[in-house]
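These figures come from a predicted structure and were not determined experimentally. Just so it is clear, the values below take in all heavy atoms, side chains as well, and ignore hydrogens, waters and symmetry mates.
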Amino acid sequence: MKTITITNLKGGVGKTTTAINLAHRLASEDKRVLLLDTDHQANLSRFFNAQSERNIYQLFIGKTIPQPYAISDNLHIICLLYTSDAADD
């Protein structure tokens, strides 16, 4: 298993675009890919239209283990967006 992190403190440098394209490329090569959307703007989750009541925030505070949202057979995302008021729990 390899871990790839795309990070930069500056906005607008292509982090989300790079993550999307790299994930699709790896998945097309039959690699299993799990994306973690930790950006407060949640653009990665929005791109894939991924929403979940369980999310990365709840994982960080130890409240729950979020279930990955399936984009394809070998491409999944743990997202930051909410479908309910889960953030208040």
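Note that NZ of K2 is 8.0 Å distant from NZ of K31, once rounded to the nearest 0.5 Å. Interatomic distance, D39 CG to I6 CD1, rounded to the nearest 0.5 Å: 12.0 Å.
In terms of heavy-atom proximity, A27 sits nearest to L75 at CB-CB, 4.1 Å. Annotation for Y69 and F48: closest pair CE2-O, 3.9 Å, computed over non-hydrogen atoms. Nearest heavy-atom pair, H76 versus P68, reported as atom, atom and distance to 0.1 Å: CB-CB, 3.8 Å.
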Run the side-chain contact (heavy atoms from CB on, under 4.5 Å) test on D37 and I78 for me, step by step, so that the C-alpha distance in whole Å, both residues' side-chain angles and the decisive distance to 0.1 Å come before the verdict.
CA-CA 6 Å; D37 188 355; I78 294 179; over 6 Å; no
Verify side-chain contact (heavy atoms from CB on, under 4.5 Å) between I77 and L44, making sure each step is shown before the conclusion.
CA-CA 9 Å; I77 185 171; L44 190 59; 3.9 Å; yes
Check step by step if side-chain contact (heavy atoms from CB on, under 4.5 Å) holds for N74 and D30.
CA-CA 7 Å; N74 54 344; D30 293 326; 4.3 Å; yes
Just distance, no hydrogens or angles: give the donor-acceptor pairs under 3.5 Å from side chains in residues 12-21, sequence neighbours left out.
| residue | atom | partner | partner atom | Å |
| --- | --- | --- | --- | --- |
| K15 | NZ | K10 | O | 2.8 |
| T18 | OG1 | G14 | O | 2.7 |
| N21 | ND2 | T17 | O | 3.0 |

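In this structure, H24 and F47 have perpendicular ring planes: the angle between them is above 60°, well past the 30° mark.
Here S28 pairs with R25 under the side chain to side chain contact (heavy atoms under 4.5 Å, CB included) rule; sequence neighbours left out.
The number of heavy-atom neighbours closer than 6.0 Å to CG of D73, taken from other residues, nucleotides and ligands shown, is 12 or below.
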